Structure formats: C-alpha cells, structure tokens
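Working notes for the structure below.
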Amino acid sequence: MVSKLHILFFLYRSKANCKDTMPVYCRLTLNGQRKQFSSGCYLKEIDWDVKGAVQKGASIEAKHCNNRLKTIRNKLMQAYDALLKSHDDFNASDLYDQYLGNKKNERTLLGIFDFHIAQIKTLVNKDYSIATLNKFTLIRSHVCAFIKEHHRLPDYPLPSLNLGFLLDFEHFLKVDKRQNQNTVNKTIERVKKVVHIAVAHGWLKLDPFALYRKKRFVKEVVFLNSEELELLEKHPLSATLNKVRDLFIFSCYTGLAYHELSGLRSDHLKKDKKGWLWIEMIRQKTKRPIAVPLLPKALSIVKCYGYPNNEGFLFPSISNQKLNVYLKELASQAGINKHLTHHIARKTFASTVLLNNEIPMDVASFLLGHSKMSTTEDFYAKVQRERVVFHLNKLA
C-alpha cells in the first residue's frame with residue numbers, strides 16, 4: 001500500500017554562494033524514502049518564509065518564484081496520481097522519474113508476448129509443443145501489425161489497454177487478416193492469456209479485457225457416414241493412394257490425430273488379459289494418455305504393414321500437408337463430394353464409429369483423448385441431426 005506523499009520546499013543553507021543566496025530545494029518523501037532536487041530558485045535567508053515555504057513579499061521576483069514552486073508541487077502530484085493508476089508499487093525515485101517524464105520501467109503488450117514466448121521456448125517438448133510456440137509467434141506478429149497500423153506506435157503500453165483496444169483488434173483480424181470467427185476467437189483467447197500473465201505478475205492491476213465476450217461460432221462438422229466410409233474402403237486405387245487410404249481408414253477406426261498416427265510405434269500396442277490389443281500413448285495436443293482398442297479393420301491394416309514382426313514406426317512417413325493433398329485426389333476418385341483432410345478421419349471415428357453405435361459420452365471422451373468433457377459434448381451436439389437420421393433409418 002503506497003503511503004501519503006509529503007512535499008517540502010526548503011533553503012539549502014550549506015550551498016550558499018558568495019552573494020549569500022541559497023538554492024530552494026524540493027524534498028519529496030514516500031514510504032520513508034526521500035528524494036530531493038533544486039527548484040531553480042535562489043534566495044537570501046531573510047526573504048524565505050519557513051512556515052509557508054514561499055518567498056516573502058509581492059515583488060515580481062517573489063511571484064515568479066512562488067509560481068514555480070506551485071507548478072513543481074502540482075506536477076509532482078500529477079505524477080503521483082499517474083503511478084497510482086498504473087503501478088502497485090513505486091518509490092520516491094520512481095516518482096521523480098515520472099515527474100521528469102522518464103516513466104517507470106513501463107511494460108508493454110509486445111514485451112509481455114516476448115516474455116511468454118521466451119518461456120515457451122524453454123519448455124518445448126515438456127509443457128508446450130513447437131506448434132504452440134509458432135502460434136504465439138504468429139499472433140504476436142498480428143498484434144504488432146495492428147499497433148503499427150492503427151496506433152502508429154512501435155509497441156503499446158500495458159496501462160493504456162482497454163476493451164476498445166481488443167474490439168478494434170478483432171475488427172482488424174476480420175478485415176485485414178480475413179480470419180473467420182473461429183480463428184478470431186482462438187487468436188483473441190491467446191492475446192487474453194498474455195494479458196492474464198501481466199495481471200498475475202502484478203504488471204497490471206486489473207484485466208482490461210474482462211468484459212469481452214467472444215462471438216459464438218458453430219463450425220460445421222464434416223465426417224464420412226457409413227456408406228461413404230464403405231465406398232472409400234472398397235474403391236480400387238493405385239499403390240500410392242492405397243497407402244494413403246490405409247492411413248486414413250486406420251484413423252477412422254482409432255481416432256488418432258496426425259501427430260499420433262505418424263509417431264505410432266510397435267511398442268505403443270499393448271495386449272490386455274482378455275486378448276484385446278490397445279494403442280497406449282500420450283496425445284501430443286493435450287498431453288493426456290489415450291488408450292484405444294484396435295478394432296478388426298484397424299488391426300488388419302497394421303498387419304499389412306508387418307506387425308508384429310516390424311520394429312519402430314508402424315506406418316511409412318508422410319507429411320500432413322502431402323497426406324491431405326493425396327486425400328483430395330482420393331475423394332475425387334472415390335466419388336466422395338467432401339473436402340477430405342486427415343482430421344476428418346478423427347471426426348468419422350467420433351460420429352460414425354462411436355456416436356452412431358451408442359457409445360456413451362464418457363467412454364467416447366476417453367477414447368478421443370479430450371481434456372474436457374465439454375469438448376465431447378459440443379461435438380455430440382453438432383452431429384445430433386445425423387444421429388437422428390440414423391435412428392429414423394433403423395425404424396424405417
């Protein structure tokens with residue numbers, strides 16, 4: 001808690017010159033710490049009113065000196081008020097710097113981004129992935145571009161942040177960066193996280209974005225229904241596309257994301273006491289353990305690639321980008337009018353394999369490796385219509 005500021009003007013008698021005039025000094029006291037400096041006025045002791053801390057008389061010189069002292073007092077009070085608003089802790093030296101216009105180690109938004117990115121770099125492959133580091137680096141570049149374009153500044157001071165800043169940034173992302181609402185929401189979530197770090201360290205008193213409410217965005221869930229999945233499985237393909245199909249179909253029956261699929265090794269497959277073969281590994285995105293049983297179709301695929309006699313990685317290496325390019329061609333040849341990506345295999349596992357086969361939500365959440373049940377609930381709600389049609393077809 002900052003104590004009351006005390007300002008005193010006095011004659012510095014030990015610094016009297018040959019004309020017996022002495023400088024008028026200002027001494028400010030805060031939290032027991034003192035800071036003093038010259039006011040620029042010089043007086044003889046007989047002209048100084050000790051009790052009133054002013055120059056005696058009504059001469060032009062006296063008025064000039066007293067106005068100067070009054071101005072110094074007012075500026076010190078303004079500097080004091082400014083520090084109270086922007087800092088939890090400051091001392092007499094900080095107040096003097098503020099009075100001179102040298103602001104106290106002012107934190108900036110990009111500076112906090114740099115602080116957080118530096119922390120992420122030291123924790124890559126421990127608490128964070130390279131993808132997370134790249135995301136925060138990209139978002140920092142968006143914030144930097146916004147500050148330069150809309151505020152004509154190289155950086156933005158933390159104390160000046162308000163809700164308007166975030167609303168303008170949201171508009172910038174939509175118009176200048178042409179991001180859809182879902183991407184905008186994720187970008188702003190990460191900006192808010194950086195601001196929360198500033199609040200946690202005491203660099204900001206309150207969260208300036210606390211009243212922000214993100215706009216709801218319902219993303220269409222794309223997945224293969226049972227007929228499309230069967231069509232894809234049976235369609236004749238070239239050797240290259242057949243390997244791509246194997247990877248995709250395997251994920252349709254296991255729910256593995258690309259990073260888990262590409263890193264799948266023989267030692268990730270464990271057999272339980274009842275003879276079921278399970279995939280046991282850590283999901284890269286959530287750092288949570290996952291355990292997925294190998295259904296017959298998934299098991300037949302790994303056997304085609306040499307399991308259990310092979311060691312190391314179970315499947316041939318292919319980049320996610322290249323895999324998605326082949327999947328587009330695969331969909332075209334199979335006559336599937338959907339924009340296929342590898343992630344659709346995971347959605348197919350959740351909907352066609354789990355949801356439409358009455359797998360309980362808590363079991364589905366476990367098999368998908370979701371960190372929150374709400375993630376599973378949101379997905380189930382999005383594919384509810386498909387589920388209704390499925391059951392109506394059963395009745396028919």
Side-chain angles (χ1 to χ4, degrees), residues 120-121 124-139 141 177 179-180 182-183 186-187 190 219-224 228-229 232-233 235 237-266 268-269 279-290 292 294 297-298 301-302 304-305 307 310 312-334 336-353 367-371 375 379:
I120 293 176
K121 286 181 179 178
V124 167
N125 297 326
K126 295 179 182 178
D127 293 343
Y128 298 98
S129 66
I130 287 290
T132 301
L133 173 62
N134 292 338
K135 285 174 184 175
F136 273 95
T137 303
L138 176 63
I139 291 169
S141 70
K177 297 301 178 181
Q179 293 184 358
N180 63 34
N182 189 45
T183 307
K186 291 179 179 179
T187 300
R190 292 182 173 97
K219 187 177 181 180
E220 180 187 2
V221 178
V222 179
F223 58 91
L224 299 185
E228 291 169 329
L229 186 55
L232 188 65
E233 290 173 8
H235 191 81
L237 297 167
S238 65
T240 300
L241 287 182
N242 192 56
K243 290 180 180 179
V244 171
R245 174 171 59 186
D246 286 343
L247 297 178
F248 184 82
I249 296 298
F250 183 81
S251 289
C252 285
Y253 287 100
T254 60
L256 293 190
Y258 170 78
H259 288 294
E260 286 72 58
L261 177 71
S262 61
L264 189 63
R265 303 169 63 91
S266 300
H268 288 134
L269 272 58
I279 297 173
E280 295 182 4
M281 61 195 310
I282 302 297
R283 190 172 181 221
Q284 188 178 49
K285 183 177 180 180
T286 60
K287 306 302 179 186
R288 290 169 60 89
I290 56 173
V292 183
L294 274 185
K297 289 188 178 180
I301 291 174
V302 294
C304 289
Y305 287 86
Y307 181 82
N310 59 341
F313 295 110
L314 288 178
F315 295 115
S317 176
I318 182 173
S319 70
N320 192 24
Q321 184 180 15
K322 194 70 175 177
L323 181 62
N324 289 333
V325 170
Y326 280 132
L327 283 173
K328 290 178 184 178
E329 184 178 348
L330 179 59
S332 176
Q333 289 193 22
I336 296 174
N337 190 26
K338 288 181 178 176
H339 180 71
L340 277 194
T341 65
H342 181 265
H343 195 61
I344 288 178
R346 182 169 166 81
K347 300 297 186 185
T348 302
F349 176 68
S351 56
T352 304
V353 177
L367 293 175
L368 290 165
H370 286 160
S371 58
T375 304
F379 177 80

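Small disclaimer: the values here were computed from a predicted structure and weren't measured.
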pair Leu269-Ile279: side-chain heavy atoms closer than 4.5 Å: yes
Minimum-distance pair of heavy atoms, taken over all atoms of Glu228 and Ile336: O-CD1, 3.8 Å
Heavy atoms from other residues, nucleotides or ligands near NZ of Lys338 exceed 12 (cutoff 6.0 Å): yes
Minimum side-chain heavy-atom gap Val222-Thr341 below 4.5 Å: no
Any donor-acceptor N/O pair, Thr352 side chain to Phe349 backbone, under 3.5 Å: no
Option among Phe313, Phe250, Phe315 that satisfies the ring-ring contact (aromatic ring centres under 6.0 Å, His included) test with Tyr305: Phe315
4.5 Å side-chain heavy-atom contact, Leu261 and Thr254: no
Minimum side-chain heavy-atom gap Leu229-Cys252 below 4.5 Å: yes
Arg245 side, atom CZ; Ser238 side, atom OG - distance, nearest 0.5 Å: 9.5 Å
What side-chain donor-acceptor pairs closer than 3.5 Å can you find for residues 323-332, not counting sequence neighbours?
unit_1 : atom_1 : unit_2 : atom_2 : d
Asn324 : OD1    : His342 : N      : 2.8
Asn324 : ND2    : Asn320 : O      : 3.2
Glu329 : OE2    : Gln333 : NE2    : 3.3

Donor-acceptor contact present, side-chain Thr348 to main-chain Phe223, <3.5 Å: no
Leu340/Leu224 under side chain to side chain contact (heavy atoms under 4.5 Å, CB included): CA gap, chis, key distance, verdict: CA-CA 9 Å; Leu340 277 194; Leu224 299 185; 3.9 Å; yes
Spacing of NZ belonging to Lys243 relative to CD1 belonging to Ile301, to within rounding of 0.5 Å: 14.5 Å
Sub-4.5 Å side-chain heavy-atom contact between Lys186 and Lys135: no
N/O donor-acceptor pair under 3.5 Å between His235 side chain and Leu232 backbone: no
Asn242 CG to Leu247 CG distance, which is reported to the nearest 0.5 Å: 10.0 Å
Side-chain H-bond candidate by donor/acceptor type, Asn180 with Thr183, under 3.5 Å: yes
Test item: Ser141 side-chain N/O and Leu138 main-chain N/O as donor-acceptor pair under 3.5 Å: yes
Residues Ile290, Leu256; criterion side chain to side chain contact (heavy atoms under 4.5 Å, CB included); working and verdict: CA-CA 10 Å; Ile290 56 173; Leu256 293 190; 3.9 Å; yes
Nearest-0.5 Å distance that lies between atom OH in Tyr258 and atom CZ in Phe248: 15.0 Å
